Amino acid sequence: MCGIFGYIGHRKSAAEIVLEGLKVLEYRGYDSWGIALLESKTDETKIIVKKKVGKIGDAKISDLPAGHFAFGHTRWATHGGVTEINAHPHLDCTSQFALIHNGIIENYDEIKKELEKKGHRFISETDTEVAVHLIEDNYKQLVTVYQDRQTAFRESVRKAFKRFAGLSAIIVMDSKTNTFVAVKNGSPLVIGKGEGENLLASDAHALFPYTRQVYFMEDDELVMIDKEAISVYRLDTGRSKTVQFAVLNWKSSNVQKGRFPHFMLKEIFDQPQVLQEIIHHAGGQVETLHKLIKHSYGTYLVGCGTAAYACLAGTYLFSKIAKRHIKFSVGSEFGYLVDFLTDKSLVIALSQSGETIDVIEAVKKAKEKKSKIGSLVNVEGSTLYRISDTPLLLGAGVEKAVVSTKAFTAKLAYLILVAYSLAENPAEGKKALLTSYKAVNKVLEETNLKIIRKLAKELIKKDHIYIIGRGLSFPVTLETALKIKEASYLHAEGFAAGELKHGAIALVEKNTPCIVFLPNDETYGASLAGAMEMKARGGKIIGISYKPHEIFDEFLSFDDCGAASIIPAAVIGQLLGYYLAIARGIDPDKPRNLAKSVTVK
Ligand code: F6R
């Protein structure tokens, strides 16, 4: 869940190149960052490290000298607090090696104790630091075994990595041989081949200013990189292997906020266009998913966070519209539910980034059972995209805000179209989406935004917000609560309205804000009854509905769009999250403690 970028080559501005690369990757983690540069003077060669706590933003590094060899890291803390010392890169005792890491070394404690006994000095609280000291330790022995220092370095890294438990990627810089060694299992790494220069990064898009010729590292591979050459080895045997580089022609992702103060708001406003694209261009992909589901014996949806709520909505949509029982699990629980999978099962993974480790792991488990893997993913070429048998693109455009919005809408739109297609009524699906497109445009009108802004200003005075809904609205309650929590840090909880009386109603006091989703469907009466029960206990009722009702203290409206009403309803929830963040002075594009891609367990 960290961003990694490395450069070695003919340009003298390696540190600046790395800094710009890290800015592209900042979505992967932004609590601190660091860069290591090899400074080469005629009399000595030494690694200079610069680290900072906080976001990279507009950081400049004019204090670093020229150099041809550098790498850097944006951190999302796992072991050890957010401090400069804990930021990567980390150095060994001799400062010959610098190392950056993405992932977790689960057995670091035992290795650390062993190295401390041998006299290694640790200065950080991280698991990562053991890696660089273990490599130093291995190197001391192996440099006497191998004549050539590059081989000794490579083998030292290989031997160290084989000892680590857990999923990681590490990159090591050796100041003696001017070489990087990268090795991974789990976390993504992409190697870029240029002219007289080579690069590596966690995400191919960061390499595009320099090269489009890339190699996506496989798990349990080790890559050695210098200015001229890139060599790939097997982690288990250390033997070299031949790999093919691909030339990527994906669009560059340099999107800007334009007239919007934040990416989150821009992306909320992108949604009508996302819907329009899907209405007009999704036909082929919908047909593919339809066929996959029809020919499978059991379909399972899997995703995390917002994507998980889209999956949950999928179970209701498929039941209601297509009369199909489709199961769902959050990614991190899927591994405990795989015993029933067979080679006839279909797993459809939903993910914006395509890099969420819990989803990737779920898919790998399903692959072990020989199940078919379909995916709906927003980032082309991402790990999920590459490991799926049938990867389909959401086409929501680049989503930069950490808080996911338009990717959710795109997932819902696809699930609605596929459900109607399975019901042999694709035209009805398109019609519903077209109505939702109009309804979202209406939700985004200034008169409506004004009401939401005013409500947000009142709600920031509260400690808790409860949200209820039934049926298709239940996933929307969960998603709205998530938007409010992550963007504004206010406590919000979504409940199935019927569950309220089984415990949660004890939380309702005088003036507790209670949001109720009331679409024009079979849930209306029963959810309204839930709202009345809250009102009877002093709750302040905020109705999100297609029509007003006398029990509402506040009313946010959306036009009825049948099953697709979940789309404008969810957009109201997103706007509430956004304006609550603004009213509390929080940057909703980069909320604390979060990262856009969750690549650690
Ligand atoms: C919420 C949010 C997260 C992601 C989750 C899965 O706003 O952004 O909950 O939805 O981390 O991410 P993807 O969709 O990239 O797999």
Side-chain angles (χ1 to χ4, degrees), residues 1 3 25 27-30 76 187-188 202-203 205 262-265 267-268 271 274 301-314 328-334 347-363 373 375-388 391-412 414-415 475-476 478-489 492 494 570-571 573-578 580-581 586-601:
M1 172 118 180
L25 297 170
Y27 72 90
R28 303 179 71 87
Y30 43 82
W76 184 88
S187 306
S202 321
D203 173 340
H205 291 95
H262 296 99
F263 277 108
M264 182 176 171
L265 192 62
E267 287 158 10
I268 290 174
Q271 292 176 115
V274 171
L301 293 167
V302 64
C304 295
T306 286
Y309 300 146
C311 293
L312 180 61
F328 142 73
S329 165
V330 293
S332 55
E333 288 298 313
F334 190 79
V347 173
I348 303 175
L350 267 54
S351 174
Q352 191 287 129
S353 63
E355 298 295 352
T356 303
I357 192 80
D358 291 329
V359 175
I360 308 288
E361 290 269 286
V363 163
I373 311 295
S375 59
L376 270 172
V377 55
N378 202 34
V379 179
E380 190 175 10
S382 56
T383 305
L384 179 61
Y385 183 89
R386 285 180 284 114
I387 64 175
S388 301
L392 303 170
L393 285 171
L394 286 167
V398 177
E399 194 182 70
K400 285 202 105 161
V402 165
V403 177
S404 185
T405 53
K406 60 180 179 170
F408 180 68
T409 291
K411 287 167 198 153
L412 293 183
Y414 266 98
L415 292 168
V476 183
L478 300 176
E479 175 60 1
T480 301
L482 182 62
K483 296 302 91 157
I484 294 175
K485 282 186 272 203
E486 60 185 344
S488 74
Y489 316 155
V571 174
Q574 296 167 354
L575 286 164
L576 199 53
Y578 175 78
L580 279 168
I586 293 164
D587 174 2
D589 285 349
K590 290 196 178 113
R592 69 183 179 205
N593 303 342
L594 298 176
K596 184 83 183 139
S597 291
V598 183
T599 59
V600 289
K601 285 229 231 192

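Whatever order the structure lists ligands and atoms in, that order sets their numbers, starting from 1. Remember, predicted model here, so these are calculated numbers, not experimental data.
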Go through the side-chain N and O atoms of Ser404 and Thr306 and say whether any donor and acceptor fall under 3.5 Å apart. no
Which residues share a side-chain contact (heavy atoms from CB on, under 4.5 Å) with Leu478, sequence neighbours left out: Tyr309, Leu312, Phe474
Suppose the criterion is salt bridge (charged side-chain N to carboxylate O under 4.0 Å, His left out): which pairs have a residue in residues 375-385, not counting sequence neighbours? none
Just by modelled atom types, is the Ser332 backbone N or O under 3.5 Å from a matching donor or acceptor in the Glu361 side chain? no
Give, for atom CD1 of Ile268 and atom CZ of Phe263, the distance between the pair rounded to the nearest 0.5 Å. 13.5 Å
Applying side-chain hydrogen bond (donor to acceptor under 3.5 Å, both in side chains), can you list everything that pairs with Asn378, at least two apart in sequence or on another chain? Gln352
Residues in the immediate environment of ligand 1 (any heavy atom closer than 4.0 angstrom): Cys304, Gly305, Thr306, Ala307, Ser351, Gln352, Ser353, Thr356, Val402, Val403, Ser404, Lys411, Leu482, Lys483, Glu486, Val598
